[in-house]
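Single-structure report; data block below.
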Amino acid sequence: MEMDYAKGILDGSPRALARVISWLENEDPRGLACMEKIYSHTGGAYIIGITGSPGAGKSSLTDKLTHHLRKKGLTVGIIALDPTSPFTGGAILGDRIRMSELSLDPGVFIRSMATRGCMGGLSKATSNVIKVMDAFGKDIIIIETVGVGQDEVEVMHIADTTCVVLVPGLGDVIQSMKAGVMEIADIFVINKCDRPGADQLYAETNYVVEQRSDIKKQSWITPIVKTIAVDDEGVGDMMDAIASHKEFIEDNKKLVGNRRERIRQETLQIIQDELFRQLQEKLNQDNRMEEIVEAIMENKETPYSIMQKVINDYIKLS
Amino acid sequence: MSEKKIKIIVAKPGLDGHDRGAKLLARIFSEAGMEVVYTGLRQTPEMIINTALQEDADVVGLSSLSGVHNYFFPEVVKQLKEKDLGHVLVVGGGIIPEEDIPVLKKAGVDEIFGPGTNTETIVSYIKENIKSK
């Protein structure tokens with residue numbers, strides 16, 4: 001008999017969780033059906049985002065942070081993202097290499113995910129996968145994004161606390177001041193700080209934080225933590241900084257405010273995705289795409305006139 | 001529904017430290033459009049099984065150059081079955097003497113690919129033999 005996967009997740013079955021995550025990744029309708037059933041059980045987990053350039057040490061930090069969290073008796077879900085090749089559609093998901101020991105810890109569930117063409121550092125299904133891990137009962141969920149450049153800031157929308165990991169030797173102060181990834185940090189982590197340039201990077205980052213305070217009054221001053229992840233140094237400080245931030249946003253009702261905004265964005269996105277999926281299905285069923293492309297190629301229509309026709313034919317918004 | 005990708009774990013059980021072959025295979029599978037969870041060196045059967053479970057793997061690919069295949073490969077098959085993951089395809093490669101192959105297959109390893117096997121062959125085999133979940 002087919003397993004009741006939603007019940008499986010709520011009962012804490014890793015197999016059920018793993019299968020539903022696959023459904024969500026593949027946009028299998030069974031995944032969404034499951035989301036409906038488990039949604040009321042979400043909201044308990046605290047979500048930590050870890051982002052930074054390739055090679056910054058995100059996986060090692062995630063591994064060590066998880067060990068520390070486990071010592072406190074907390075259960076952890078980890079989503080480790082890696083990029084999908086735009087040419088082959090495949091991906092090498094190698095973040096687990098740094099988390100070998102954790103594969104045996106029953107309190108930790110690690111899932112590698114490929115971005116599958118999504119920009120911004122995450123994958124399309126990430127938000128839903130967080131929810132099922134939440135419903136599964138994880139106290140903390142860590143999202144380790146792909147290696148990012150300056151612009152991939154999606155993680156800030158889904159995480160309660162966003163940690164931006166920097167490493168010495170990757171650029172100068174001008175780089176630091178550019179908008180994007182530097183702006184989204186609730187916590188800066190300078191990893192590999194045994195490397196030359198660490199002190200300078202600390203000073204530059206501090207300068208950015210102070211400058212921000214000079215321009216506009218900040219209620220949260222972004223702390224800068226120094227770590228050497230592979231030696232498990234400084235990770236305790238990172239934990240403390242996260243705990244402080246958690247306390248701050250809870251005290252200032254920002255947690256509720258952030259989640260409100262997240263619900264607004266996510267709901268619109270979910271509606272948009274399903275709307276388009278159904279529309280595309282209809283267009284395929286009715287075999288209209290070929291004739292649409294022909295008509296545009298022959299200058300009989302433009303994409304804009306087509307858009308109007310398709311909407312008139314298929315969508316009823318009274 | 002978006003396209004389903006084949007999820008394959010590439011693991012090196014035991015203590016051997018040569019991973020060039022395994023890394024090359026990971027590349028080859030990724031270029032064939034698969035999502036490859038590369039677990040690295042020194043994997044125990046328990047680690048491999050847990051990874052396969054969490055990742056909802058379709059295939060487990062085991063690489064052994066140090067002669068440990070006779071213990072590890074069947075052990076992985078056995079533990080997969082115990083965890084109700086019998087549908088997962090198990091393939092092995094590396095330095096595996098011809099005479100060991102029938103024994104491994106009898107223990108449930110689906111296929112063994114020796115060094116020099118055409119990579120197209122491996123990719124086709126996997127694509128054709130994935131069991132539906």
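Numbered from 1 within each chain, the chains take letters A, B, ... in sequence-line order.
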Which of G94(A), S103(A), S112(A) touches chain B most, by non-hydrogen pairs under 4.5 Å: S112(A)
H68(A), NE2 atom: more than 12 neighbouring heavy atoms under 6.0 Å: yes
Taking every non-hydrogen atom, the tightest pair across S100(A) and M47(B): O-CE, 3.9 Å
S85(A), part contacting chain B, at a heavy-atom distance under 4.5 Å: neither
Between Q54(B) and R15(A): side-chain donor-acceptor atoms closer than 3.5 Å: no
Spatial distance of atom CG (D82(A)) from atom CD (E35(B)) [nearest 0.5 Å]: 10.5 Å
Chain B interface, residue from I92(A), L102(A), I21(A) that has the most non-hydrogen pairs under 4.5 Å: I92(A)
Greater than 12 external heavy atoms within 6.0 Å of L268(A)'s CG: yes
Region of I6(B) in contact with chain A, defined by heavy-atom distances below 4.5 Å: neither
Distance (rounded to the nearest 0.5 Å) between T51(B) OG1 and R111(A) CZ: 11.5 Å
Portion of R27(B) that has a non-hydrogen atom of chain A nearer than 4.5 angstrom: both
Option among L93(A), D95(A), I110(A) that satisfies the side chain to side chain contact (heavy atoms under 4.5 Å, CB included) test with V37(B): L93(A)
Crowding at CD, E46(B) (>12 non-hydrogen neighbours, <6.0 Å): yes
Step-by-step side-chain hydrogen bond (donor to acceptor under 3.5 Å, both in side chains) determination, S22(A) to D56(B): CA-CA 7 Å; S22(A) 302; D56(B) 198 16; 2.5 Å; yes
V108(A), part contacting chain B, at a heavy-atom distance under 4.5 Å: backbone
Ion pair check, K5(B) and E25(A), cut-off under 4.0 Å: no
F109(A) CZ to E55(B) CD distance, which is reported to the nearest 0.5 Å: 7.5 Å
Enclosure of Q285(A) CD (heavy-atom neighbours >12, cutoff 6.0 Å): yes
Flag if over 12 foreign heavy atoms under 6.0 Å of CD, E98(B): no
Inter-residue atom distance R42(B).CZ - I97(A).CD1, 0.5 Å rounding: 11.0 Å
Minimum heavy-atom distance between L104(A) and N50(B), given as atom pair plus value: CA-ND2, 4.1 Å
